Amino acid sequence: MALLCGEAMKIAKNRNSSALVPLPGDFYARDPRAVSRELLGKVLVRRQQRKLLTARIVEVEAYLGPDDPASHSARGRTARNFVLFGPPGFSYVYFIYGNHYLFNVSCLPDGDAGGVLFRALEPISGIEQMAEARDILIDATGELRKLTSGPGRLAEAFGITRERDNEKDLTSPRSDLIIVDDGFRPGRIEVTPRIGITKAAESPLRYIIAGNKFVSRG
DNA sequence: TACATGATGCCCT
DNA sequence: GGGCATCATGTAG
């Protein structure tokens with residue numbers, strides 16, 4: 001906990017300085033599997049009024065595009081999934097199950113479809129705002145997992161919706177939603193099958209920081 | 001225009 | 001561990 005507060009302080013202090021430089025487009029212009037692996041340990045940052053919401057990425061899934069039956073882009077470009085076919089580093093947000101927004105980032109060069117789904121984060125700063133957005137109370141024992149452990153949960157905690165955030169450039173310094181490298185490096189990374197899909201359900205394309213308690217399951 | 005379904009989470013048992 | 005809310009989207013008719 002002390003470590004988390006220290007990290008939050010470091011990031012908050014360095015706002016408007018080099019600590020908040022977003023990862024560049026080149027980072028995302030690669031195979032979603034490589035992007036997935038390297039996104040682990042990076043920090044998702046939302047600028048919200050005067051507040052800074054930050055959380056470490058601990059679980060993601062790769063969706064490979066036309067050759068991946070589970071990918072939204074498997075059957076071609078539509079009004080919903082067009083962002084996946086566009087330039088890398090843009091947010092693809094969609095609504096599912098009548099309740100939840102799921103947050104992805106586009107990968108591969110412009111014209112090639114592919115993406116990474118964000119499945120779980122470890123909150124660093126702006127925890128009160130996240131709890132408010134999730135409409136839950138954080139007591140003294142602090143069940144922080146409920147904030148951002150799960151793709152629908154993390155989107156709600158960060159106020160991510162399709163209307164507000166779809167097709168947003170995550171690589172622009174002017175964006176209110178970016179991903180930064182704060183120097184943290186994960187220990188062991190585990191790769192498992194993806195969660196909640198029926199097609200290509202066995203492919204090992206889910207990447208997690210081994211042992212991290214904010215991972216959504218497993 | 002109708003209809004089946006889904007990259008989920010929550011509540012109940 | 002299972003049932004279910006709830007609706008945008010894609011596809012079929």
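All values below were derived from every heavy atom in this structure, side-chain atoms included, with hydrogens, water molecules and symmetry-related copies excluded. The model shown is predicted, which means the values in this text are computed figures rather than measured ones. Just so it is clear: chains get the letters A, B, ... in the order the sequence lines come, proteins before strands, and each one is counted from 1.
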message = On the nucleotide B:dA7, are OP1 or OP2 found under 4.0 Å from the side-chain N or O atoms that A:R206 carries?
response = no
ask   = Are OP1 or OP2 of B:dC10 and a side-chain N or O of A:R134 less than 4.0 angstrom apart?
value =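 Answer yes for this pair, as a side-chain N or O of A:R134 is under 4.0 Å from OP1 or OP2.
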Could you give the [atom1]-to-[atom2] distance, from [X] to [N], as a whole number of Å?
X: A:H72; N: C:dT11; atom1: NE2; atom2: C1'; value: 15 Å
X: A:R162; N: B:dA7; atom1: CZ; atom2: C1'; value: 15 Å
X: A:E59; N: B:dT8; atom1: CD; atom2: P; value: 10 Å
X: A:Y101; N: C:dC7; atom1: OH; atom2: P; value: 11 Å
X: A:R153; N: B:dA7; atom1: CZ; atom2: P; value: 19 Å
X: A:L84; N: C:dT9; atom1: CG; atom2: P; value: 14 Å
X: A:K146; N: B:dT8; atom1: NZ; atom2: P; value: 17 Å
X: A:N99; N: C:dG3; atom1: CG; atom2: P; value: 18 Å

query = For the side chain of A:R75, counting heavy atoms from C-beta on, which of C:dT9, C:dT11, B:dG6 is nearest?
reply = C:dT11
message = Can you tell me which nucleotide in B:dA7, B:dC10, C:dG10 comes closest to the side chain of A:R119?
response =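 Of B:dA7, B:dC10, C:dG10, B:dA7 is nearest to the side chain of A:R119.
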request  = Salt-bridge test for A:R119 and A:E59: reply yes if a basic N is under 4.0 Å from a carboxylate O, no otherwise.
outcome  =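 Salt bridge between A:R119 and A:E59, a charged N being under 4.0 Å from a carboxylate O: yes.
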inquiry  = Any carboxylate oxygen within less than 4.0 angstrom of a Lys/Arg side-chain nitrogen, looking at A:D169 and A:R174?
reply    = no
ask   = For the atom pair CG (A:L53) and CD1 (A:I124), what is the distance rounded to the nearest 0.5 Å?
value = 11.0 Å
query = Once you round to the nearest 0.5 Å, how far does CZ of A:F82 lie from OG of A:S106?
reply =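 Going from the CZ atom of A:F82 to the OG atom of A:S106 covers 10.5 Å.
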ask   = Would you write out the dot-bracket form of DNA chain C, 5' to 3', with Watson-Crick and G-U pairs under 3.5 Å, [ ] for crossing pairs, | for pairs to other strands and . for unpaired bases?
value = |||||.||||||.
ask   = On DNA chain B, nearest-nucleotide positions of A:E156 versus A:L102: which is more 5'?
value = A:L102
query = A:I136 or A:N104: which one's nearest nucleotide on DNA chain B is closer to the 5' end?
reply =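 On the 5' side of the pair lies A:N104.
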inquiry  = Is there, by distance only and without an angle test, a donor paired with an acceptor across the side chain of A:Y94 and the base of C:dA8 below 3.5 Å?
reply    = no
message = Tell me whether A:Y97 and C:dA5 count as stacked here, given that the ring centres must be under 5.5 Å apart and the planes must differ by less than 30 degrees.
response =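 No; by the centre-distance and plane-angle rule, A:Y97 does not count as stacking on C:dA5.
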key: A:Y101 six-ring face occupied by A:R164 cation (under 6.0 Å, within 45°)   = no
ask   = On DNA chain C, nearest-nucleotide positions of A:H100 versus A:A79: which is more 5'?
value =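 The residue mapped nearer the 5' terminus is A:H100.
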key: Given A:E128, A:E156, A:E143, the one that forms salt bridge (charged side-chain N to carboxylate O under 4.0 Å, His left out) with A:R134   =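 Among A:E128, A:E156, A:E143, the one that satisfies the salt bridge (charged side-chain N to carboxylate O under 4.0 Å, His left out) with A:R134 is A:E156.
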query = With sugar-phosphate meaning primed atoms plus P, OP1 and OP2, does A:F95 contact a base, only sugar-phosphate, or nothing at under 4.0 Å between heavy atoms?
reply = sugar-phosphate
request  = Could you tell me whether A:R80 contacts a base, only the sugar-phosphate backbone, or nothing, with contacts defined as non-hydrogen atoms closer than 4.0 Å?
outcome  =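 A:R80: backbone/sugar contact only, no base atoms under 4.0 Å.
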task = Determine whether the aromatic ring centres of A:Y92 and A:Y94 lie less than 6.0 Å apart.
result =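 Yes - the distance between ring centres of A:Y92 and A:Y94 falls below the 6.0 Å cut-off.
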request  = Determine whether more than 12 heavy atoms belonging to other residues, nucleotides or ligands lie under 6.0 Å from atom NZ of A:K146.
outcome  = no
